[in-house]
A.B. asks: 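Submitted below is the structure of interest, expressed as structure tokens.
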Amino acid sequence: MLKYDLAVVGGGPAGMAAALKAKECGVKKIIILERAETLGGILEQCIHTGFGLHYFGEELSGPEYAGRFIEQVRNTDIDVKTDTMVLDISDKNLITAVNKQDGLLHIDATAVVLAMGCRERPRGALSIAGTRASGIMTAGTAQKYVNIDGYMPGKKIVILGSGDIGLIMARRMTLEGAEVKMVCELMPYSGGLTRNIVQCLNDFNIPLKLSTTVIETHGKERLEGVTIAKVDEHGQVIDGTQEYVACDTLMLSVGLIPENELTKGIGVSLDPVTKGAVVTEMRETDHPGVFACGNVLQVHDLVDYVTMEAQMAGQGAASYIQDREVFENAEYISTSHGNGVRYIVPQKMNIRSKEDIKLYFRVGAVYKNAKVVLEADGTIISSKKKVKLAPGEMENVTVPADVIAKLTKDSTICVRVEESQ
Amino acid sequence: MKKNLTCVACPLGCSITVELDDQGQILSVTGNTCKRGDAYARTEMTNPTRSLTSTVKVEGGRHPVVPVKSAAPVPKSMLFDCMKEINKVVVKAPVHIGDTIIENILGTGVAIVATNDC
């Protein structure tokens, strides 16, 4: 049995930032457990730039962004075990993991940070008719084939889903000489960042077909084509709009699923909307000493925000290890979301907090010239004008410390969207 | 004449409006929230540029390819020509982050540099 103050599950940007922050706060024995052969997580295959503008003030590629944290981890006494798969975390924070060198590992950790990230929604999660021909894959899988393994998975490509990975891959495949025929999006708006529509699709004249989906795949051994169709406002196929598109590859960029199997195993409560843990502003779950951050908690648009959230979790874990008073004296109320807001992280906030608390949220539709309204006990605290709000872009609003000081256990904190008349 | 652009300088993606006179001279740039946005709008109207990222083949590395980027943006019209140059290159491991792979690609004055160790 190994004994650690803090065990971090996952060595991507979230796990590394959480471990480093805890180290900076004075936590002595820290271990990072990573399933892949290197630290860095999904950033290793995200070779495009756009990472780090907020955090480092410069535009880096994924491996460069990860590289900076890997370097920092190396310069500390944080233990790292790569090629190591965590199998289980008990309700007493006992971790069971396995790797080739150590065999079965048991780790007793005072605090645990969950930073397992996401996986992509696969084809099986969609109901597309057709055989299991080769050439159908998630955009992230294709990204690994091209950027890490160095080969092209196809020549004529249709992309379903306009999430950022899909848009980035549309450009990548085009630059490498493939023909990207179109990007189909079920929703009437794109799930990706506007800049990616501009520089990945518009730059290369790749059509973005909104309210359109793939209903059937054709081909027995290798994909030969897909049938696309328009959908109505309920997502139902409009008969008569079916169209055959010849292609040898279908890439799916249809959402991410936080990898919360371990989280569930501990007995941590999950938010049905984020599919991540219910957490406090310190990113503590409802299981004492277990924290969560990064994409396993909520899907982020930018890695910079993952880093910042992970630092909150790392700091939270450090104070849990060193001085539990804050946790014992805490009194939590739930944050609630009103009109237009799909979810808020954190779901709970400590009304004894002496500091401002930032609430992160996403809206459920596209709004123009709307206001983001924060209310405490029915009184408007702030009302911020927004030229545009979209589900693809995470927003935040701050609850100031002086407002928190006046809250009681029966208080309500609500974030809602006020539409322009 | 007014032209609407979405800034690609950072993930914020500001909506920028550029006002042009009859000769195509820029009269004003509005809607940007930082200096980079102003600069983006002006070059986009005259000589649009883009950052380019790709991979080059590596012999003897931990992976068959290593990621690279243009150290500065290159003219948008030259992206495919730059790709052809990048795809001709084969380097030998070890490669380190920041190593120059191509010094001056197609006379643009822009270097192609490695963005990972391999």
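What you see is a predicted model, and the numbers here were worked out from it, not measured in a lab. Proteins get letters first, then strands, A, B, ... in listed order; numbering begins at 1 in each.
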A.B. asks: If you count heavy-atom pairs under 4.5 Å between each of B:P67, B:G98, B:C118, B:P64 and chain A, which one has the most?
C.D. replies: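 Top option by heavy-atom pairs under 4.5 Å: B:P64.
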
A.B. asks: At a heavy-atom separation under 4.5 Å, does A:F204 approach chain B through its side chain, its backbone, both, or neither?
C.D. replies: side chain

A.B. asks: Counting only heavy atoms closer than 4.5 Å, note whether B:I86 contacts chain A via side chain, backbone, both or neither.
C.D. replies: neither

A.B. asks: Going by an N to O cut-off under 4.0 Å, is there a salt bridge joining A:R68 and A:E71?
C.D. replies: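 No salt bridge links A:R68 with A:E71.
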
A.B. asks: Could you check whether any side-chain N or O of A:E176 sits under 3.5 Å from a backbone N or O of A:M152, counting only pairs where one atom can act as donor and the other as acceptor?
C.D. replies: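 Pair absent, no side-chain N/O of A:E176 close to backbone of A:M152.
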
A.B. asks: Pick whichever of B:T55, B:V68, B:I97 has the most heavy-atom pairs under 4.5 Å with chain A.
C.D. replies: B:T55

A.B. asks: Measure distances from B:C7 to the heavy atoms of chain A and classify the residue's part below 4.5 Å as side chain, backbone, both or neither.
C.D. replies: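 Contact with chain A is through the backbone of B:C7 alone.
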
A.B. asks: Looking only at heavy atoms and a cut-off of under 4.5 Å, which of A:I148, A:L60, A:T49, A:V146 has the most pairs with chain B?
C.D. replies: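 Top count of heavy-atom pairs under 4.5 Å with chain B: A:I148.
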
A.B. asks: Distance alone, cut at 3.5 Å: any donor-acceptor contact between the side chains of B:S15 and A:K388?
C.D. replies: no

A.B. asks: Heavy-atom distances under 4.5 Å only: say whether B:D117 touches chain A with side chain, backbone, both or neither.
C.D. replies: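 Neither; nothing under 4.5 Å.
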
A.B. asks: Quick one: do B:R62 and A:E37 make a salt bridge, cutoff under 4.0 Å?
C.D. replies: no

A.B. asks: Which residue out of A:I197, A:T38, A:T174, A:D164 racks up the most heavy-atom pairs below 4.5 Å with chain B?
C.D. replies: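 Sorted descending by pairs with chain B, the first entry is A:T174.
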
A.B. asks: Side chains of B:E103 and B:T100: is there a donor and an acceptor less than 3.5 Å apart?
C.D. replies: no

A.B. asks: Is A:V387 in contact with chain B via its backbone, its side chain, both, or neither, using a 4.5 Å heavy-atom distance?
C.D. replies: neither

A.B. asks: Please look at B:K76 and chain A and tell me whether the side chain, the backbone, both or neither of the residue comes under 4.5 angstrom of a heavy atom of that chain.
C.D. replies: side chain

A.B. asks: Inspect the contact between B:R50 and B:E44 and indicate whether a charged nitrogen and a carboxylate oxygen are less than 4.0 angstrom apart.
C.D. replies: yes

